[in-house]
Amino acid sequence: MTLFEEVPVTTTDEIPVRRVEMRVNGETRAANIEPRLLLAHLLRNGLQLTGTHTGCDTTNCGACTVLFDGQPVKSCTVFAVQADGHDITTVEGLATASELHPIQEGFKDEHGLQCGFCTPGMMLSAKALLDENPNPTEDDVRWALSGNLCRCTGYQNIVKAVLWAAEKLRHDAPADAPADDGGEA
Amino acid sequence: MALDEIKIGGLGASRKRVEDNRFIRGKGNYVDDVVLPGMLHMEILRSPLAHARIKSIDVSGAWAIPGVRLVLTGEMMAARNLAWMPTLSYDTQAVLATDKVRFQGQEVACVIADDPYVAKDGCEAIVVDYEPLPPIVNPTQAMAPDAPLIRDDKVNQVDNKVFDWEVGDKEGTDRAFAEADVVSEIDMHYPRSHPSPIEACGSIADFDRSTSKLTVYMTTQAPHIIRAAVSLVAEIPEHMIRIIAPDLGGGFGNKVPVYPGYVASILASILTERPVKWIEDKSGNLISTGFGRDVYLKGQVAMRNDGKILGVRMHTESDHGAFFSDAQPSKFKIGLMHSAFACYDIPNAHLTATGVYTNKAPGGVAYRCSFRVTEAMYFQERMIQAAADDLGMDQAEFRRVNLVRDDDFPHRTPFGFLTDSGQYEKCLDIGLEAIGYADFKQEQEEARKRGRLLGIGISTMTEPLGAGNSREYDILGIKMFDSAELRVHMTGKAILRTGAKTQGQGHETTWAQIVAHELGIPADDIVVEEGDTDTAPFGMGTYASRSTPVAGAAVAMVSRKIRAKARKIAAHLLEVSEEDVEWELGRFYVRGAQDRGVSIQECAMAAYSNVPDGMEPGLENNAYYDPPNLTWPFACYIAKVEVDPETGVWDVLKMVAVDDCGVRINPMIVEGQIMGGLTEAYAMANMQFITFDEDGNCIGSNYMDYLLPTAWETPGFELHEVVTPCPHHPIGAKGIGECATVGGPAAFVNAVMDALKHTGVRNIDMPLLPDRVYGALTTGSDISGMPPVKTEA
């Protein structure tokens with residue numbers, strides 16, 4: 001799929017257009033874009049993935065956090081062209097059609113959100129942490145989320161939500177492979 | 001059988017929030033998520049200078065950029081009588097500057113283009129020729145006799161004063177001071193801060209020429225006030241204006257005023273006949289929209305040797321920026337500053353207040369507080385601690401001597417409010433116990449011997465939340481009541497709409513709980529909508545912790561009206577007279593025959609299919625609620641800190657909050673509000689302030705300079721509760737969203753001052769940055785936070 005071709009809003013002679021292709025939430029997406037377009041804006045305006053919010057424009061608040069090849073980045077200061085050929089996960093990619101991700105469940109269960117604006121970025125930073133460290137301490141969580149600002153909750157319940165999710169993920173993970181002792185099932 | 005109230009999500013249930021279902025999926029609908037066909041994008045060009053005359057504006061460069069559709073300047077606005085707009089405090093504010101710019105970041109021109117990037121390009125291409133004028137950055141400078149006049153646009157404005165205001169009993173207070181054994185004095189500054197919701201402001205104006213209807217999606221906490229304001233400013237009939245506040249990414253008072261961007265986007269849509277979206281960037285939000293605080297205090301407390309306070313004097317000087325655009329009740333120029341000392345039994349008090357214009361952004365909004373209550377309670381609790389120290393009395397004991405007793409209600413406060421209930425000493429005792437106060441003196445002493453500086457700070461306060469009543473509270477003459485409308489469908493499901501507007505407080509969850517409590521309809525069967533002026537009943541919106549006290553009360557009252565009608569239907573269905581019908585949660589039954597009953601759902605069905613003769617069909621109603629008084633939650637916050645004498649850095653060892661907000665509708669949400677409030681209190685005490693250099697440059701125009709606490713430095717909080725139901729609220733609830741932000745800062749500051757007490761330092765102005773604390777420690781002097789002024793070279 002191409003983007004902006006049917007709405008050539010800024011294609012004047014002086015502005016070059018580049019084609020990019022990336023995997024977003026598991027699907028290959030392509031777009032013709034201005035090189036100066038920020039990844040956050042491509043996701044929001046081009047791909048209509050408006051769960052990625054822009055808060056501060058200066059890489060401080062983390063509302064725009066997405067996973068870039070599994071690592072959290074602030075998409076308001078990543079050019080979309082930098083994502084060419086890479087793998088992007090947004091909040092829309094967390095849940096499956098039938099099931100919420102445990103982090104999403106945790107945020108609801110522990111009242112880890114109020115206005116909801118920071119929540120997508122917060123959850124993606126949490127996911128990056130839990131992917132790397134399934135058994136984090138409270139301090140690990142606080143440190144991992146320190147690039148994401150929340151003005152509503154005071155963080156205490158966000159931390160609880162992430163620990164709740166960690167616990168659930170550990171519980172849900174398939175048990176260790178059975179020892180190869182030839183035992184019968 | 002009556003229903004189990006907790007099971008149906010009624011009062012007291014920690015019901016999980018229904019709004020979370022969309023937010024955790026990234027499916028919230030914030031203003032910037034709204035896309036309309038053919039939509040253009042607007043960007044604002046702002047002044048780089050704090051005070052300057054505009055000599056010329058050349059917009060030809062912007063027009064030359066392909067994709068630019070419109071450039072708006074002050075001159076074009078003036079041609080349509082839109083260069084100035086009224087503020088919510090009977091002043092005027094420039095929409096786009098015509099004559100002068102009066103603060104850094106003021107709106108000068110707007111570019112409307114096909115694409116937001118192109119709109120920014122357009123702003124870059126505008127050339128403005130400014131003639132710099134001397135900037136004024138604090139009240140002292142503003143009131144100097146030779147100060148340049150900031151508001152030379154106003155006829156009869158001869159100086160930079162906005163108002164003088166006073167309240168209280170001057171003669172009585174003078175007598176109290178004459179009779180006092182000890183008089184304690186302290187001066188301080190509550191610094192300028194910014195509410196800074198993560199989502200900045202924005203609007204999408206959509207004027208439809210074919211219907212003459214204007215629809216505006218807007219980041220507003222008070223859509224109906226905005227509708228009235230737009231109608232007055234733009235001279236569009238009110239019924240042709242529809243304001244929609246979709247999901248808001250926080251508000252905290254920042255989204256109450258009317259901003260130039262809103263007005264400009266409306267005019268742009270009218271002129272282009274296309275929807276125009278304006279999304280403010282963070283820097284624009286921080287430097288130009290409603291700040292909070294910025295008040296200087298001279299405080300005096302008159303006491304007897306036994307600790308009894310005889311009188312207090314307060315004089316405040318408030319810095320309102322270039323335009324008086326506070327959203328305050330019109331009677332009270334410095335908000336509810338005179339709610340100070342409401343929890344103490346003090347016979348005499350006198351407050352004088354002066355407001356001034358400076359070359360800073362306008363505002364003075366109620367940043368997570370009920371109209372300057374935050375400043376009032378901070379000043380109160382800092383004065384109380386200084387007074388206790390000056391008297392040589394224990395800070396907890398000093399409070400105990402002066403707190404209003406449980407049996408002394410209703411109680412007239414020193415400045416004339418009437419409080420109605422409270423268990424103040426109980427809250428204090430719970431807090432002292434939780435922090436370990438009994439053993440602290442010894443711990444502090446021993447720590448000090450080893451070079452460690454520990455301190456405990458207490459803050460006790462009751463604050464007035466939930467304006468009105470409408471006798472005393474109005475904004476621009478619009479009385480401060482609120483409303484709810486409830487429609488029960490034939491299957492017993494319902495839709496509720498109110499005049500409030502949630503910004504994260506969870507109204508979609510909690511309002512349904514009130515209906516469940518009153519009618520026994522499960523909360524899951526009730527959908528709640530707010531924010532659309534075409535569908536919601538008229539209300540004054542959500543700020544000043546007024547939702548639960550006013551709109552929440554309206555929700556209970558409309559539910560009772562529904563129940564009253566359902567009772568008549570029940571009597572008809574049960575074939576008994578109405579007097580013989582009894583109610584228990586969820587059903588009516590025949591007195592003396594409890595098994596003969598009908599459920600509220602059966603009554604709902606009958607309302608549409610089998611009404612008694614002469615009764616109107618249907619089951620819907622509305623309620624406009626004008627509260628008889630404010631609600632008066634009480635709180636005791638106690639912080640224990642350690643100050644590092646080598647660096648001036650202080651850490652919170654423990655923070656205890658004891659809140660009495662009356663009946664808790666949803667305890668989970670109440671606790672969430674308290675923790676959020678405590679974090680903003682910590683932020684203001686520790687790091688969060690917006691200051692200016694001597695040229696009026698805003699220091700704090702982005703999140704690298706304006707520091708907000710992250711998960712890493714925010715301390716943990718220990719919460720306790722006391723429940724004293726509000727005597728006049730239909731379900732006994734009081735406001736809670738702002739208590740901790742209001743009462744919390746003094747607890748942190750008092751704790752640091754307690755740790756430094758041996759040095760003789762009496763005050764450090766917030767925020768207590770390491771360099772300020774270190775400076776106080778090393779010099780033994782108080783530290784003032786007043787911004788520096790330019791001196792002649």
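Predicted, not measured: the structure shown is a model, and the values here were computed from it. By convention in this document, chain letters (A, B, ...) are assigned in the order of the sequence lines, proteins followed by strands, and residues within each chain are numbered from 1.
Of the possible polar contacts, one joining the A/R151 side chain to the B/P195 backbone as a donor-acceptor pair under 3.5 Å is found. Side-chain N or O atoms of B/Y30 include none that pairs as donor or acceptor with a backbone N or O of A/G51 at under 3.5 Å. A donor-acceptor pair is defined here as one N or O able to donate and one able to accept, closer than 3.5 Å; such a pair exists between the side chain of A/R44 and the backbone of B/D32. In this structure, A/D57 contributes its side chain and B/K282 its backbone to a donor-acceptor pair below 3.5 Å. Counting only distance, with no hydrogens or angles, the side chain of A/Q156 and the backbone of B/G716 share no donor-acceptor pair below 3.5 Å.
A pairwise comparison of heavy atoms in B/I198 and A/C61 identifies CG2-SG, 3.9 Å as the closest pair. Nearest approach of B/F252 to A/C152, heavy atoms of both residues: CZ-SG, 3.8 Å. When all heavy atoms of B/N21 and A/K108 are compared, the closest pair comes out as OD1-NZ, 2.6 Å. Minimum interatomic distance between B/Y703 and A/C56 (heavy atoms only, all atoms of both residues): CD1-CB, 3.5 Å.
Among residues 109-118 of chain A, the residues having any heavy atom closer than 4.5 Å to a heavy atom of chain B are, in sequence order, A/D109, A/H111, A/L113, A/Q114, A/C115, A/G116, A/F117. Proximity to chain B at a heavy-atom threshold of 4.5 Å picks out nothing from residues 64-80 of chain A. Among residues 129-147 of chain A, the residues having any heavy atom closer than 4.5 Å to a heavy atom of chain B are, in sequence order, A/D139, A/R142, A/W143, A/L145, A/S146.
With a 4.5 Å cut-off on side-chain heavy atoms, B/M675 and A/Y155 do not count as touching. Looking only at side-chain heavy atoms (C-beta outward), B/K27 and A/T50 stay at 4.5 Å or farther from each other.
Around the CD atom of B/E124, the shell of radius 6.0 Å holds no more than 12 heavy atoms that belong to other residues, nucleotides or ligands.
There is no contact between B/E280 and chain A, counting heavy-atom distances below 4.5 Å. Contacts between A/A95 and chain B at a heavy-atom distance below 4.5 Å are absent for every atom of the residue. Contacts of B/R22 with chain A are absent, with no heavy-atom separation under 4.5 Å from either backbone or side chain. Interface remark: B/S14 contributes no atoms to any contact with chain A (heavy atom separation under 4.5 Å). Using a 4.5 Å cut-off between heavy atoms, A/I103 does not touch chain B at all. Neither the backbone nor the side chain of B/E713 comes within contact range of chain A, judged by heavy atoms closer than 4.5 Å. Of the atoms belonging to B/L286, not a single heavy atom falls under 4.5 Å from chain A.
When the side-chain contact (heavy atoms from CB on, under 4.5 Å) test is applied to A/K168, the partners found at least two apart in sequence or on another chain are A/P102, A/E105, A/W164, A/D172.
Summarising the geometry, atom CD belonging to B/E199 is positioned 9.0 Å from atom OG1 belonging to A/T54; distances are rounded to the nearest 0.5 Å. Between A/T58 atom OG1 and B/D281 atom CG the span is 9.5 Å, to the nearest 0.5 Å. The structure places CE of B/M668 at 8.5 Å from CG of A/N157, a figure rounded to the nearest 0.5 Å. Taking CG of B/D33 as the reference point, atom CD of A/Q48 lies at 11.5 Å (rounded to 0.5 Å).
Among B/T502, B/T710, B/T679, B/L678, the residue with the largest count of heavy-atom pairs under 4.5 Å with chain A is B/T710. Highest contact tally toward chain A, considering only B/A113, B/S196, B/G506, B/G737, is held by B/S196 [criterion: heavy-atom pairs under 4.5 Å]. Counting heavy-atom pairs closer than 4.5 Å to chain A, the top-ranked of the candidates B/G676, B/A200, B/P116 is B/G676. Interface remark: of the candidates B/A711, B/P715, B/G677, B/G26, B/A711 forms the most heavy-atom pairs closer than 4.5 Å to chain A. Per-residue heavy-atom pair counts under 4.5 Å with chain A were compared for B/Q503, B/R25, B/R368, and the maximum is reached by B/R25. The residue among B/V35, B/N285, B/I669 with the most heavy atom pairs within less than 4.5 Å of chain A is B/I669. Comparing A/T119, A/I158, A/L149 by heavy-atom pairs within less than 4.5 Å of chain B, the highest count is held by A/L149. In terms of non-hydrogen atom pairs under 4.5 Å with chain B, the most contact-rich of A/V91, A/N60, A/L94 is A/N60.
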Q) Given A/L38 and B/Y117, is the side chain to side chain contact (heavy atoms under 4.5 Å, CB included) satisfied, shown in steps? A) CA-CA 10 Å; A/L38 297 169; B/Y117 286 48; 3.6 Å; yes
